[in-house]
Amino acid sequence: MIVRTRFAPSPTGPLHIGGVRTALYAYLFAKQHKGQFILRIEDTDQNRYVEGAEEYIIEALTWCNIIPDEGVSFGGSHEPYRQSERKTKGYYQQYAEQLIASGHAYYAFDKTEELDAARKQAEAEGNQGWQYDSKTRSAMQNALTLSADEVQIRITKDEAYVIRLKVDPDQHITFNDMIRGDVSFESNIIDDKVLIKADGMPTYHLAHIVDDILMEITHAIRGEEWLPSSPAHVLIYQYLGLADKMPRYAHLPLLLKPEGNGKLSKRDGDRLGFPVFPLEWKDPATGEVSSGYREKGYYAQGFVNMLAFLGWNPGTEKEIFSMDELIESFTFERVHKAGARFDPEKAKWFNEQYLRMQEDADLAQRFIPVIKEQLKISDHRSSVEYAAAAVSLLKDRVHFENEFYEKGRYLFEVPTTYDEKVIAKRWNPITAKFLNKLTEVYSTQTTFDASTCKLSFENLATENQIKPGDVLQLFRVILSGQASGVDLFGMVELLGKEEVLTRIKNAISALPKDVGN
RNA sequence: GGCCCGUUCGUCUAGGGGUCUAGGACAUCUCCCUUUCACGGAGGAAACACGGGUUCGAUUCCCGUACGGGCUACCA
């Protein structure tokens with residue numbers, strides 16, 4: 001048997017990170033078993049269709065490197081992969097009719113208002129959970145209560161109808177979930193679910209089953225919110241006589257809000273200051289923009305790694321996993337059963353780990369365009385050598401690559417202001433004199449690397465009976481304008497003799513002459 | 001309300017009858033490194049929801065309670 005899993009989102013908006021995790025687990029499982037991962041678009045609700053959502057889903061999965069073997073925009077031997085198109089081919093109707101023929105489904109003509117009225121009346125009688133089922137259907141307008149002629153007349157008169165599943169009462173339904181083990185339900189609590197809506201579209205319940213059968217899905221991985229309706233799905237397979245075709249189910253724990261109650265929702269992200277979407281999304285209706293991990297500067301790999309660990313762990317202390325390593329290690333047995341509160345801090349931590357793993361040369365390649373565009377520099381400072389050296393000084397003190405520019409611009413630009421506190425404390429005739437002498441020493445120096453410069457700096461300080469500590473930070477401010485930053489003599493080496501001398505000269509002329517006298 | 005699923009440090013989790021003085025990671029605190037800021041290193045504080053059972057022995061198994069989550073649509 002070839003393992004085939006699918007990710008089947010609805011194009012109702014951007015995919016949130018919970019959805020990405022579901023896709024990831026389905027992908028990891030399929031790949032581990034040398035199987036296939038399919039992307040199916042479940043667009044059966046025409047009212048909720050959102051322009052651009054499908055493209056977003058595809059782009060997001062691609063960014064995460066969760067690449068489907070088959071699916072919308074990826075092709076495959078089970079086309080089409082969009083449910084609206086499959087509906088046109090009559091796939092769902094065919095199965096619905098089979099259920100009707102075998103007595104497991106029926107036509108129902110009740111209007112929305114009538115259903116609402118039935119619910120309201122039950123509520124008035126102190127019964128909160130009215131549902132269309134074996135107890136109530138006899139009071140409704142359907143093929144079980146109307147004569148066959150009447151049903152035929154209504155259908156030919158184009159009266160709106162739905163097709164409902166006829167759930168047999170008093171059945172025990174048990175199935176084995178890959179994460180939860182045996183789960184059981186009573187059929188009495190399952191309602192006669194609508195299979196085909198009045199607009200002719202199938203509901204999720206019918207559509208996903210028909211497609212999973214036709215697409216030969218072996219393992220259905222989805223969110224925990226589906227657990228309550230899964231017994232109905234088990235029944236549909238039974239009624240279809242295809243119980244042997246039923247995939248194994250895995251119901252994933254939900255992702256919860258970082259604080260407060262409830263599951264992580266689209267609104268939480270920007271409210272709490274972190275993205276809930278892999279990519280930035282602009283709502284076509286409202287124009288509202290929601291931030292994305294990609295745009296915030298997260299690495300796709302770190303993002304995927306973080307997501308994998310939300311509810312799963314390998315049972316070892318290793319935390320950094322490449323996609324290949326995840327494929328190798330992932331198992332549903334090790335997926336935690338309880339919902340996981342999402343922690344944006346941990347997401348950042350994963351990103352830092354990946355940042356430190358980057359090669360300086362690669363970081364430099366990506367930084368150079370920024371140097372050229374933002375700093376308008378195009379000389380030796382925009383070379384790979386210079387950028388790589390700058391990046392290596394900067395690397396450990398940023399969380400994201402995109403901080404190199406803000407945190408390191410003094411490595412490229414002469415400072416125009418100087419940290420006032422340090423100047424007030426350290427700038428005086430003695431230190432000014434020291435800096436003048438330092439200029440002389442440095443200008444005669446033939447080698448200008450970090451250790452040589454550091455040594456001559458310290459020697460000069462000692463000769464002048466100055467504690468290095470009294471001038472070290474001043475020197476930093478003179479060179480960078482800032483009181484803290486990258487390794488001081490590392491910066492000296494990077495800037496080079498000429499630039500260092502210029503910056504000292506600049507500072508001396510820019511700073512007040514009579515301080516301390 | 002009903003049904004289902006769950007419950008180990010603040011958070012993500014390991015552990016599934018004695019090895020638990022309950023392990024790791026994030027966050028937090030202290031110290032070291034660094035006469036900067038980070039990184040890094042060392043250490044600290046921090047949890048088995050509660051009550052019954054079963055057992056020689058329960059964090060681990062069973063039941064109940066509490067709490068959390070989900071579902072309860074012609075949405076997925």
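Since this is a predicted model, take the numbers as computed values, not measurements. Just so you know, these numbers use all the heavy atoms, side chains as well, and skip hydrogens, waters and symmetry mates. Proteins get letters first, then strands, A, B, ... in listed order; numbering begins at 1 in each.
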Taking atom P in both A25(B) and G41(B), what distance in whole Å separates the two?
-> 10 Å
Classify the nucleic acid contact of Gly262(A) as base, sugar-phosphate or nothing, counting any heavy atom under 4.0 Å across all strands shown.
-> sugar-phosphate
Which atom pairs, donor and acceptor, lie under 3.5 Å between side-chain atoms of residues 469-480 of chain A and protein residues at least two apart or in another chain?
{"unit_1": "Asp470(A)", "atom_1": "OD1", "unit_2": "Arg426(A)", "atom_2": "NH1", "d": "3.2"}
{"unit_1": "Gln473(A)", "atom_1": "NE2", "unit_2": "Ala483(A)", "atom_2": "O", "d": "3.1"}
{"unit_1": "Arg476(A)", "atom_1": "NH1", "unit_2": "Val486(A)", "atom_2": "O", "d": "2.8"}
{"unit_1": "Arg476(A)", "atom_1": "NH2", "unit_2": "Val486(A)", "atom_2": "O", "d": "3.2"}
{"unit_1": "Ser480(A)", "atom_1": "OG", "unit_2": "Arg476(A)", "atom_2": "O", "d": "2.9"}
{"unit_1": "Ser480(A)", "atom_1": "OG", "unit_2": "Gln482(A)", "atom_2": "N", "d": "3.1"}
{"unit_1": "Ser480(A)", "atom_1": "OG", "unit_2": "Gln482(A)", "atom_2": "O", "d": "3.3"}

According to the Watson-Crick and G-U wobble definitions, with both distances under 3.5 Å, which nucleotide is paired to A66(B)?
-> U7(B)
According to the Watson-Crick and G-U wobble definitions, with both distances under 3.5 Å, which nucleotide is paired to U19(B)?
-> none
Separation between the C1' atoms of G40(B) and U34(B), rounded to whole Å | 11 Å
Determine the Euclidean distance between corresponding P atoms of U60(B) and U8(B); express it in Å to zero decimal places.
-> 13 Å
Whole-Å gap separating P (C26(B)) and CG (Asn305(A)) = 13 Å
Tell me the partner of G1(B), counting only Watson-Crick (N1-N3 plus N6-O4 or O6-N4) or G-U wobble (N1-O2 and O6-N3) with both under 3.5 Å; none if nothing fits.
-> U72(B)
Inter-nucleotide P distance (G24(B), A47(B)), Å rounded = 14 Å
Taking only N/O atoms, report every protein-nucleotides 6-16 of chain B pair under 3.5 Å with atom names and distance.
{"unit_1": "C12(B)", "atom_1": "OP1", "unit_2": "Arg341(A)", "atom_2": "N", "d": "2.9"}
{"unit_1": "C12(B)", "atom_1": "O2'", "unit_2": "Phe309(A)", "atom_2": "O", "d": "3.2"}
{"unit_1": "U13(B)", "atom_1": "OP1", "unit_2": "Gly311(A)", "atom_2": "N", "d": "3.1"}
{"unit_1": "U13(B)", "atom_1": "O3'", "unit_2": "Asn313(A)", "atom_2": "ND2", "d": "2.8"}
{"unit_1": "U13(B)", "atom_1": "O2'", "unit_2": "Asn313(A)", "atom_2": "ND2", "d": "3.4"}
{"unit_1": "A14(B)", "atom_1": "OP1", "unit_2": "Asn313(A)", "atom_2": "ND2", "d": "2.9"}
{"unit_1": "A14(B)", "atom_1": "OP2", "unit_2": "His336(A)", "atom_2": "NE2", "d": "3.3"}
{"unit_1": "A14(B)", "atom_1": "O3'", "unit_2": "Arg334(A)", "atom_2": "NH2", "d": "3.1"}
{"unit_1": "G15(B)", "atom_1": "OP1", "unit_2": "Arg334(A)", "atom_2": "NH1", "d": "3.2"}
{"unit_1": "G15(B)", "atom_1": "OP1", "unit_2": "Arg334(A)", "atom_2": "NH2", "d": "3.2"}

Pairing partner (Watson-Crick or G-U wobble, both distances under 3.5 angstrom) of A27(B) = none
Answer with base, sugar-phosphate or nothing: what part of the nucleic acid does Arg222(A) contact at a heavy-atom distance below 4.0 Å?
-> nothing
